[in-house]
Amino acid sequence: MSYKRLFLSIFTILGILAFYTGCQNTPEEPAVISKSKQILKAEATNSDDETQAVTDNILDVSYKSSFTSTDGSVAFVMDIDQTIGVSNTSVVQVRPHFITGEDAKRVATSLFPNADFFEAEPERAKNYSKDEIQEKLARWSQYANIDALEKLCGDSASEDYVDLIRSFIEDYTLMYEQSPIDNPHSPCQWNMQNSSVYVLTADELSEAAISDYSDEVSAQFSVNGIPYCFTATTRNKNDYKVNMISCYIYDGMCPRDLDERIFAASLCRTGEPSQGQLDIIKAEAEKYLSSFDLGQWQIDECYVKSKNYGSETEYLVCVNAVPILNGASALRRPQISSLRNQNGYAANYYLTDAQFVFSANGDLISFSLFSPLDIQGVLNENAKVININDLLDQAKEQLKLSDSYNYGLGPLLQIIQEELQCNVTISEIEYGLSRLRVPDNEDVYNYVPSILLKGSSEYVGKENGKTYYMSEQPEILLVINAVDGTIINETNE
């Protein structure tokens with residue numbers, strides 16, 4: 001697909017994921033796998049040792065310090081008292097795994113082994129049977145009055161929304177007369193092809209320049225009356241690379257987000273999931289990841305979110321995973337937003353990540369997998385890493401160079417009249433692998449041992465003491481390469 005269409009597609013997928021996961025609760029802690037129970041102390045005092053070899057240990061970290069930024073706009077408190085797992089200190093080189101049609105079929109059939117998959121069709125050239133249109137009409141007509149729509153959508157219901165639903169019902173009633181009785185869809189062939197075939201009509205294809213499109217296989221199917229779209233995309237061009245799989249509930253055009261609301265309500269208006277249900281869902285996600293045969297994974301987040309629609313509450317179970325490379329797991333980082341910055345830390349390839357969203361009963365609501373990897377080689381099986389205390393000292397010096405514009409309220413400071421004090425507390429540390437670019441090479445990347453610091457920020461008026469902003473959850477503040485002490489940029493912008 002073209003760059004513009006690809007990123008529209010990606011943002012659509014991320015938007016769907018945000019719709020289902022936007023009110024994230026605190027994730028549960030991932031299991032720490034460690035072969036050794038040796039305890040290494042890293043106290044908040046200077047050390048004469050510049051590096052330390054750490055292999056398969058548990059590290060007890062204690063570090064406390066208060067300081068201000070050099071411009072005086074930020075007051076910092078480092079208050080870390082935590083035990084972290086250090087499984088190994090490998091430096092691993094990887095290359096993108098370019099998704100094939102066989103990969104796509106294996107993932108789709110692992111998620112839905114009994115589904116009948118059909119080739120997806122361009123949005124402006126979709127074919128529907130009479131039965132399919134009848135299902136739409138029956139579904140939408142239930143909400144063609146304001147009372148029913150308010151129960152479904154809460155505050156977003158309106159008379160304009162009702163009018164739009166009625167308009168769609170009229171249009172599809174006319175379409176019903178011209179629709180075939182038999183199934184008009186073709187079985188999915190699981191062949192990667194230029195993604196323009198899933199975007200453009202036959203007439204548009206005859207005149208379009210399609211060389212800038214990526215390759216894709218896209219399927220539509222239904223399971224237990226729930227319609228899904230499954231798409232696998234691959235791109236290996238000079239401008240950027242993409243390997244991505246997504247699956248989400250979708251049944252073509254509808255009035256606003258009505259279909260999403262209807263299906264989400266039918267699946268997710270359950271009681272709050274129990275710990276037993278969470279354990280079953282997490283085990284199911286682990287089974288899926290293993291069956292995909294797209295590398296090794298560790299589930300690092302599993303949490304429940306809820307959202308209210310009027311008097312109704314919907315519950316979702318979110319399960320996320322990061323890659324494991326040579327026995328060490330990657331640190332979770334925010335997904336990069338720019339693939340074309342040649343100076344960025346990750347350049348032209350999305351970070352590797354897998355995300356599931358389930359109902360409390362285990363129904364799959366959505367799934368995405370970005371950037372599977374193949375291991376090119378292990379560059380250093382047991383790299384010497386800098387003493388944790390020294391890394392935290394370096395973090396302190398780096399934080400001193402920041403200012404109040406670097407944290408949560410930063411972009412809005414200019415519109416607030418009162419002078420604000422920014423307070424930042426660094427309270428969490430994680431140890432794992434982080435991805436780096438290989439200079440002058442867009443075909444391979446290195447994963448190196450690193451520390452990640454999290455904390456919270458608040459902005460308080462200096463005159464009235466009013467709190468203008470406070471972090472709802474710990475934010476990533478700094479990532480440092482544990483081998484050479486360099487800063488690993490959080491974004492790619």
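This one's a predicted model, so the numbers in the text were calculated from it and none came from an experiment. Residue numbers run from 1 in the order of the sequence given.
- With sequence neighbours excluded, no residue forms a salt bridge (charged side-chain N to carboxylate O under 4.0 Å, His left out) with E121.
- With sequence neighbours excluded, no residue forms a side-chain hydrogen bond (donor to acceptor under 3.5 Å, both in side chains) with T352.
- Sorted by first and then second residue, the side chain to side chain donor-acceptor pair (under 3.5 Å) pairs involving residues 150-166 (not counting sequence neighbours) are Y161-D257.
- Judged as a side-chain hydrogen bond (donor to acceptor under 3.5 Å, both in side chains), and not counting sequence neighbours, the contacts of S110 are S291.
- Considering CD1 of I451 and CD1 of I84, their distance stands at 8.0 Å, rounded to 0.5 Å.
- Judged as a ring-ring contact (aromatic ring centres under 6.0 Å, His included), and not counting sequence neighbours, the contacts of Y172 are W140.
- A salt bridge is defined here as a Lys NZ or Arg NE, NH1 or NH2 lying under 4.0 Å from an Asp or Glu carboxylate O, and D212 with R235 meets this definition.
- Every residue two or more places apart in sequence or in another chain that forms a salt bridge (charged side-chain N to carboxylate O under 4.0 Å, His left out) with E284 is listed here: K287.
- Taking the six-membered ring where the residue is Trp, W190 and F230 present perpendicular rings, their angle passing 60° and hence far from 30°.
- With sequence neighbours excluded, the residues forming a salt bridge (charged side-chain N to carboxylate O under 4.0 Å, His left out) with E204 are R124, listed by chain and number.
- A salt bridge (Lys or Arg N to Asp or Glu O under 4.0 Å) check over residues 348-366, counting only residues at least two apart or in different chains, returns the pairs R332-D353.
- Applying the 6.0 Å contact sphere to CG of L174 captures more than 12 heavy atoms from other residues, nucleotides or ligands.
- In this structure, the ring-ring contact (aromatic ring centres under 6.0 Å, His included) partners of F292, at least two apart in sequence or on a different chain, are F367.
- Residues that satisfy the salt bridge (charged side-chain N to carboxylate O under 4.0 Å, His left out) test with D116, not counting sequence neighbours, are absent from this structure.
- Every residue two or more places apart in sequence or in another chain that forms a side chain to side chain contact (heavy atoms under 4.5 Å, CB included) with N191 is listed here: Q189.
- A search for ring-ring contact (aromatic ring centres under 6.0 Å, His included) contacts involving Y447 returns nothing, not counting sequence neighbours.
- Classified by interplanar angle (parallel below 30°, tilted 30° to 60°, perpendicular above 60°), the ring pair Y445/Y349 is parallel.
- A salt bridge does not link K282 with D279: none of the charged nitrogens is closer than 4.0 Å to a carboxylate oxygen.
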